[in-house]
Amino acid sequence: MPSAQIVPTLLARLRQAHPDARYELNWSTPFELLVATILAAQCTDERVNRVTATLFQKYSGPQAFAEANTPELEEDLRPTGFYKQKAKSVQNMSRELLAKFGGEVPRTIEGLVTLPGVARKTANVVLNTAFNLPSGIIVDTHVARVSQRLGLTKKEKPEDIEQDLMKLVPQDQWTFFGPATVLHGRYTCTARKPKCEECPFNDLCPKIGV
DNA sequence: CTCCCGATAT
DNA sequence: ATATCAGGAG
């Protein structure tokens, strides 16, 4: 069966499994979601949430991060891993945000991607989740793995996978498909021991790469 | 392609 | 012990 044919079934069953799929990062403003998403690289949401709970009390917005003492910020971010890189990204991102966008998170992928530490995945998370804009499809390690196993793409690079998915999935489903597929990958189609027995797509999955 | 880097599941 | 985890920059 061509992969395009299974997409409507896929979307219907995804909705059953994850009716209110949304990101599991905690945030109260688009800026906080942007910071949290940068911190989420190679790190679980749970650990990011543990850090941001106190982080966002200490640093109230882009101005506070821009003026922060860098070694101190590094320590604040240490539990998320890559902490020197992430401290630099968050601080420089905040400075650029103030300099170029008046401290307001831009609502376009072109604008977001100019910020340090922000590429398509992070930009799509912010636009899809905070602004409900179908700017593209979030492709992280989970979406990539699930899409490959289901035979929706044979590509390796996230940007190429996103292109394939955008052709297959109707645009008004993009903001649902991304987060829902992330959850499916996180809890069912896991990297190491995928739970194929309890997977709602078991009957239509070629199980590529499993 | 390599590097950044700590925490957790297997 | 080691692969992997909501990636991105140089």
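Naming: A, B, ... by sequence-line order, numbering from 1 per chain.
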- OG1 of A/Thr175 to CG of A/Asn132, rounded to nearest 0.5 Å, is 5.0 Å
- Approximate separation, where rounding is to 0.5 Å, of A/Leu152 CG and A/Cys205 SG: 9.0 Å
Nearest whole angstrom, please: distance from the [atom2] of [N] to the [atom1] of [X].
{"X": "A/Leu77", "N": "C/dG7", "atom1": "CG", "atom2": "P", "answer": "16 Å"}
{"X": "A/Met93", "N": "C/dG7", "atom1": "CE", "atom2": "P", "answer": "17 Å"}
{"X": "A/Lys121", "N": "C/dC5", "atom1": "NZ", "atom2": "P", "answer": "12 Å"}
{"X": "A/Asn92", "N": "C/dG8", "atom1": "CG", "atom2": "P", "answer": "16 Å"}
{"X": "A/Leu25", "N": "C/dG7", "atom1": "CG", "atom2": "C1'", "answer": "13 Å"}
{"X": "A/Ile38", "N": "C/dC5", "atom1": "CD1", "atom2": "P", "answer": "21 Å"}
{"X": "A/Glu46", "N": "B/dA9", "atom1": "CD", "atom2": "P", "answer": "9 Å"}
{"X": "A/Asp140", "N": "C/dG8", "atom1": "CG", "atom2": "C1'", "answer": "14 Å"}

- Nearest to the side chain of A/Lys193, which nucleotide is it out of C/dC5, C/dG7, B/dT10? B/dT10
- Message: Both A/Val113 and A/Arg145 contact DNA chain C. Which one's nearest nucleotide lies toward the 5' end?
- Response: A/Arg145
Show each protein N/O and nucleotides 5-8 of chain B N/O combination with a separation under 3.5 Å, one pair to a line.
from, atom 1, to, atom 2, distance (Å)
B/dC5, OP1, A/Lys84, N, 2.5
B/dC5, OP1, A/Gln85, N, 2.8
B/dC5, O4', A/Phe82, N, 3.1
B/dG6, N2, A/Arg47, NH1, 3.4
B/dG6, N2, A/Arg47, NH2, 2.8

- Item | Residue among A/Cys199, A/Pro194, A/Cys196 satisfying side chain to side chain contact (heavy atoms under 4.5 Å, CB included) with A/Thr188 | A/Cys199
- Query: Looking at A/Val48, A/Thr80, A/Val90, A/Leu39, which one forms a side chain to side chain contact (heavy atoms under 4.5 Å, CB included) with A/Leu55?
  - Reply: A/Leu39
- Message: Restricting to side chain to side chain donor-acceptor pair (under 3.5 Å), what partner residues turn up for A/Thr190, sequence neighbours left out?
- Response: none
- A/Lys154: partners by side chain to side chain donor-acceptor pair (under 3.5 Å), with sequence neighbours left out: none
- List in numerical order all residues of residues 166-177 of chain A for which some heavy atom is under 4.0 Å away from an atom belonging to DNA chain C. none
- Message: Quick test of your reading of the model: are A/Arg78 and A/Glu74 salt-bridged, counting only N-O distances below 4.0 Å?
- Response: no
- May I have all residue pairs that pass ring pair (Phe, Tyr, Trp, His ring centres under 6.0 Å) and include part of residues 64-92 of chain A, sequence neighbours excluded? A/Phe31-A/Phe65, A/Tyr59-A/Phe65
- Looking at residues 64-75 of chain A, who's got a heavy atom less than 4.0 Å off DNA chain B? none
- Message: Need one value for A/Val118: base, sugar-phosphate or nothing, where a base atom within 4.0 Å counts as base even if backbone is also close, heavy atoms only.
- Response: sugar-phosphate
